[in-house]
Asks: 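Can you keep this structure in mind? I'll have questions shortly.
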Amino acid sequence: RKEVEQDPGPFNVPEGATVAFNCTYSNSASQSFFWYRQDCRKEPKLLMSVYSSGNEDGRFTAQLNRASQYISLLIRDSKLSDSAIYLCVVNIANSGNTPLVFGKGTRLSVIA
Amino acid sequence: DAGVTQSPTHLIKTRGQQVTLRCSPKSGHDTVSWYQQALGQGPQFIFQYYEEEERQRGNFPDRFSGHQFPNYSSELNVNALLLGDSALYLCASSLGERQWSTEAFFGQGTRLTVV
């Protein structure tokens, strides 16, 4: 079983739509969780951290279910500029000296 | 404040050759991690350097080696290149001992093509 699994998509949605991505992780010892965004041929950039209580940043909402080892990202009112690959990322610790474990990413295309 | 910088941005090498990639971490960061991202895949952890030592290593052969300098910059060396080594090589910097802050900042990557 992969450490971090995501549906690769692509998700093709019209502007203004709401879209949700899911991710599961296998290591129950994982401590910190993130969504990164990667544009074509660019480096990954942190979109948001994911907290146990769930958290929201503008049009983006992230949820974590530790019992099910499941992370989600909800994007409301999709914009053309949201088109990218969304990477689900986990870390087994809460420090900067343990490696990040990435999923393969989910491709989102927002269509006019 | 300069972010993470990597050089070169693109590189073409022949099978069997050796390559060295370079990374300068974000100002104030002391830990450098290297990742390999093959086409259509997520980044895979190669190894991490902190205090000039390799602290952790992913599932990569010994052909992959590295170094960290006193100024925290780092090099990734790959010997005896294979076609399968073609990928985007990403450097990420972070604060190694800082708790509750695991955000890693990535450089723009070096795209290596082995022919």
Side-chain angles (χ1 to χ4, degrees), chain A residues 2-10 21 23-27 29-52 55 57 62 64 71 73 84-108, chain B residues 3-6 9-10 23 25-26 28-51 53-60 68 72 87-113:
Chain A
K2 297 282 187 186
E3 291 189 75
V4 179
E5 293 203 62
Q6 298 180 248
D7 180 345
F21 306 139
C23 163
T24 57
Y25 59 95
S26 61
N27 189 341
S30 298
Q31 294 293 322
S32 50
F33 310 89
F34 311 90
W35 285 99
Y36 274 73
R37 170 192 169 129
Q38 187 171 26
D39 293 296
C40 186
R41 305 183 75 82
K42 300 281 190 179
E43 74 275 21
K45 292 185 178 178
L46 179 66
L47 177 65
M48 59 196 303
S49 301
V50 186
Y51 303 116
S52 296
N55 48 298
D57 183 1
L64 168 64
I71 306 161
L73 177 68
I85 292 174
Y86 290 83
L87 296 160
C88 177
V89 186
V90 306
N91 190 328
I92 61 167
N94 279 314
S95 68
N97 59 5
T98 48
L100 300 175
V101 181
F102 288 79
K104 286 188 177 183
T106 298
R107 181 179 296 277
L108 171 66
Chain B
V4 182
T5 58
Q6 292 186 243
T9 54
H10 296 83
C23 171
K26 182 178 168 63
H29 282 187
D30 56 9
T31 300
V32 172
S33 303
W34 287 91
Y35 292 80
Q36 179 197 66
Q37 186 175 23
L39 198 61
Q41 305 293 315
Q44 298 292 310
F45 175 72
I46 303 174
F47 43 54
Q48 182 182 80
Y49 278 84
Y50 172 70
E51 292 187 337
E53 290 186 3
E54 183 183 294
R55 289 302 181 96
Q56 301 199 54
R57 189 179 183 91
N59 189 24
F60 279 80
Q68 186 178 35
Y72 308 120
L88 179 68
Y89 287 84
L90 294 160
C91 169
S93 78
S94 57
L95 282 167
E97 298 300 323
R98 183 174 175 183
Q99 297 296 312
W100 309 109
S101 177
T102 59
E103 182 175 357
F105 293 83
F106 285 86
Q108 82 281 13
T110 294
R111 190 164 297 280
L112 172 65
T113 302

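Proteins get letters first, then strands, A, B, ... in listed order; numbering begins at 1 in each. Note that the structure is predicted; figures quoted are calculated from it, not measured.
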Asks: Of all the heavy-atom pairs spanning A:Pro44 and B:Leu90, show the shortest one and how long it is.
Replies: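 For A:Pro44 versus B:Leu90, the nearest heavy atoms are CD-CD1, 3.7 Å.
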
Asks: Hey, which residues of residues 101-108 of chain A are touching chain B, say heavy atoms under 4.5 Å apart?
Replies: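 Against chain B, the residues of residues 101-108 of chain A that fall inside the cut-off (heavy atoms, under 4.5 Å) are A:Phe102, A:Gly103, A:Lys104.
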
Asks: Less than 4.5 Å to any heavy atom of chain B: does that hold for the side chain of A:Gln38, its backbone, both, or neither?
Replies: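 For A:Gln38, side-chain heavy atoms alone lie under 4.5 Å from chain B.
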
Asks: Is the number of heavy atoms from other residues, nucleotides or ligands within 6.0 Å of CZ (B:Phe45) greater than 12?
Replies: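 Check passes, neighbour count above 12.
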
Asks: Of the non-hydrogen atoms in A:Glu43 and B:Gly107, which two are nearest, and what is the gap between them?
Replies: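 It is CB-O, 2.8 Å.
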
Asks: B:Gln6 versus chain A, heavy atoms under 4.5 Å apart: side chain, backbone, both or neither?
Replies: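 Looking at B:Gln6, nothing touches chain A.
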
Asks: Just how far is it from atom CZ of A:Arg41 to atom CG of B:Leu39, taken to the nearest 0.5 Å?
Replies: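 Answer for the CZ-CG pair, A:Arg41 versus B:Leu39, is 8.5 Å.
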
Asks: Looking at every non-hydrogen atom in both residues, tell me the closest pair between A:Tyr36 and B:Ala104 and how far apart they are.
Replies: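 So the minimum-distance heavy-atom pair works out to OH-O, 3.1 Å.
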
Asks: Which bit of B:Phe106 is near chain A, if near means a heavy-atom gap under 4.5 Å: side chain, backbone, both or neither?
Replies: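 Both backbone and side chain.
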
Asks: So how far is it from B:Gln44 CD to A:Glu3 CD, rounded to the nearest 0.5 Å?
Replies: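 Going from CD on B:Gln44 over to CD on A:Glu3, the span is 8.5 Å.
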
Asks: Please classify the contact between B:Tyr35 and chain A as side chain, backbone, both or neither, with a heavy-atom cut-off of under 4.5 Å.
Replies: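 Contact with chain A involves the side chain of B:Tyr35 alone.
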
Asks: Run the ring pair (Phe, Tyr, Trp, His ring centres under 6.0 Å) test against A:Tyr51 and tell me which residues pass, sequence neighbours left out.
Replies: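 Checked A:Tyr51 against ring pair (Phe, Tyr, Trp, His ring centres under 6.0 Å); zero matches.
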
Asks: Rounded to the nearest 0.5 Å, what's the gap from OG on B:Ser94 to CG on A:Leu100? Could you check?
Replies: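 That separation rounds to 8.0 Å.
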
